[in-house]
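Reading through the structure tokens given below for one structure.
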There are 2 protein chains.
Amino acid sequence: MREPLPPDLFEELCPSGVVPIRFADKWAGLVLACLRTGPRRYSELRVPLARVTPRVLTRSLRNLERDGLVTRTVSRRPPGVEYELTPLGRSLTEVYATVCGWAAQHWDELLDARERYDAAHPEATAG
Amino acid sequence: MREPLPPDLFEELCPSGVVPIRFADKWAGLVLACLRTGPRRYSELRVPLARVTPRVLTRSLRNLERDGLVTRTVSRRPPGVEYELTPLGRSLTEVYATVCGWAAQHWDELLDARERYDAAHPEATAG
DNA sequence: CGGCATCCTTAGTGATACTG
DNA sequence: CAGTATCACTAAGGATGCCG
């Protein structure tokens, strides 16, 4: 009835196993979200992302820049560094929006399932 | 011109910072993809996911089960363990499909950007 | 067949303090 | 203002081998 699975999914489903690429970065989604309304300076980003240490925020931004998702521009008048979405980055925010939509819709369900699982498997959670 | 960013995005954008949740699992996407065409036994999953060690595959499956995305069923005749998508899990595969679609479309762009960045920043990549 | 036990390595994250 | 330096912790991932 069911056909067998293809011998190697990695090329077929996702070029170079790209899926985990940007989603592996814990804060990338929120950083991109911050930039949806326009370019922002580093200090502006630090406000909503206060619980992210500067080191981690910088690394996220560098990674996003490396992948061509944001640009980094040093400016005088006013002095500062501005980050801005590239068209590529902007297109990714749409994808993130889809993910967030799913999460918002099903987060409770997921938490419930988790609670039920943990209740049914005490050994994995605690003694 | 631009309005200031909200003081805390975490509640606003994504409940409980859910975004990284399932996407932090490197193989979850491919596992879910394998299950889209119907229930599969563990040994069936191991074929396309050959480069994932049993330990890691099992952990992925357990995590997915914990979150209510797949079910795990032990069966005799034929003996084995079957994994199957729940409705919740199936709905997540749609999201993954969106992500994969984006990746397939823009992967080359991203790789190019990366190459350009690395070429422009030799110190970060090598000596 | 469907795992688990054990060990190891690394990358991500984080706290704290300091600087061009 | 926009980071960097240093240190520490954790969890994910992976290799190998064994078991009910």
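Hydrogens, waters and symmetry mates are skipped; everything else that's a heavy atom, side chains included, is used. All chains are named by letter (A, B, ...) in the order of the sequence lines, taking the proteins before the strands, and each is independently numbered beginning at 1.
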* Is there side-chain contact between B:Arg62 and B:Arg59, with at least one heavy-atom pair below 4.5 Å? -> no

* Taking CG from B:Leu61 and P from C:dG2, how many angstroms apart are they, rounded to a whole number? -> 11 Å

* To do: Only counting residues at least two apart or in another chain, list the ones meeting side-chain hydrogen bond (donor to acceptor under 3.5 Å, both in side chains) with A:Thr98.
  => none

* Asked: Taking only residues two or more places apart in sequence or in another chain, which ones pass side chain to side chain contact (heavy atoms under 4.5 Å, CB included) with A:Thr53?
  -> A:Arg55, A:Val56

* 5′-ward residue of the pair A:Thr58/A:Pro79 relative to DNA chain D -> A:Pro79

* Range on DNA chain D touched by chain B - first to last nucleotide, heavy-atom distance under 4.0 Å -> D:dA12 to D:dA15

* Asked: Roughly, in whole Å, what's the span from CG in B:Leu45 to P in C:dC1?
  -> 13 Å

* Can you tell me if the side-chain N/O atoms of B:Arg62 get under 4.0 Å from OP1 or OP2 in C:dC4? -> yes

* Asked: Is the side chain of A:Ser75 donor-acceptor paired with the backbone N or O of A:Pro78 at a distance under 3.5 Å, no angle test?
  -> yes

* **Whole angstrom value for the distance that separates P of C:dG3 from CG of B:Leu57** => 9 Å

* Structure fact -> Readout for nucleotides 6-20 of chain C: B = base within 4.0 Å of protein heavy atom, S = sugar-phosphate only, - = neither; 5' to 3' it is BB----SBBB-----

* Any side-chain N or O of B:Ser43 under 4.0 Å from OP1/OP2 of C:dG2? -> yes

* All side chain to side chain contact (heavy atoms under 4.5 Å, CB included) counterparts of B:Glu94, not counting sequence neighbours -> none

* **Residues which pass side chain to side chain contact (heavy atoms under 4.5 Å, CB included) with B:Glu109, listed by chain and number, not counting sequence neighbours** => A:Leu88, B:His106

* To do: Mind checking side-chain hydrogen bond (donor to acceptor under 3.5 Å, both in side chains) for B:Arg72 and listing every partner two or more places apart, or none if nothing turns up?
  => B:Tyr83

* To do: Could you tell me the separation between the OH atom of B:Tyr42 and the P atom of C:dG3, rounded to a whole number of Å?
  => 6 Å

* Asked: Between the two ends of the helix from C:dC1-D:dG20 to C:dG20-D:dC1, what is the bend in degrees, rounded to 10 degrees, where each end axis spans five pairs?
  -> 60°

* To do: Using the test side-chain hydrogen bond (donor to acceptor under 3.5 Å, both in side chains), find all partners of A:Thr73 that sit at least two apart in sequence or belong to another chain.
  => none

* Spell out, as yes or no, whether a donor-acceptor pair under 3.5 Å connects the side chain of A:Thr86 to the backbone of A:Gly68. => yes

* Asked: Would you say B:Arg41 reaches C:dG3's phosphate, i.e. side-chain N/O to OP1/OP2 under 4.0 Å?
  -> no

* Considering residues at least two apart in sequence or located in another chain, which fulfil the side-chain hydrogen bond (donor to acceptor under 3.5 Å, both in side chains) criterion with A:Thr58? -> A:Tyr42

* Interatomic spacing from CG in B:Leu61 to OG1 in B:Thr71 - rounded to 0.5 Å -> 10.5 Å

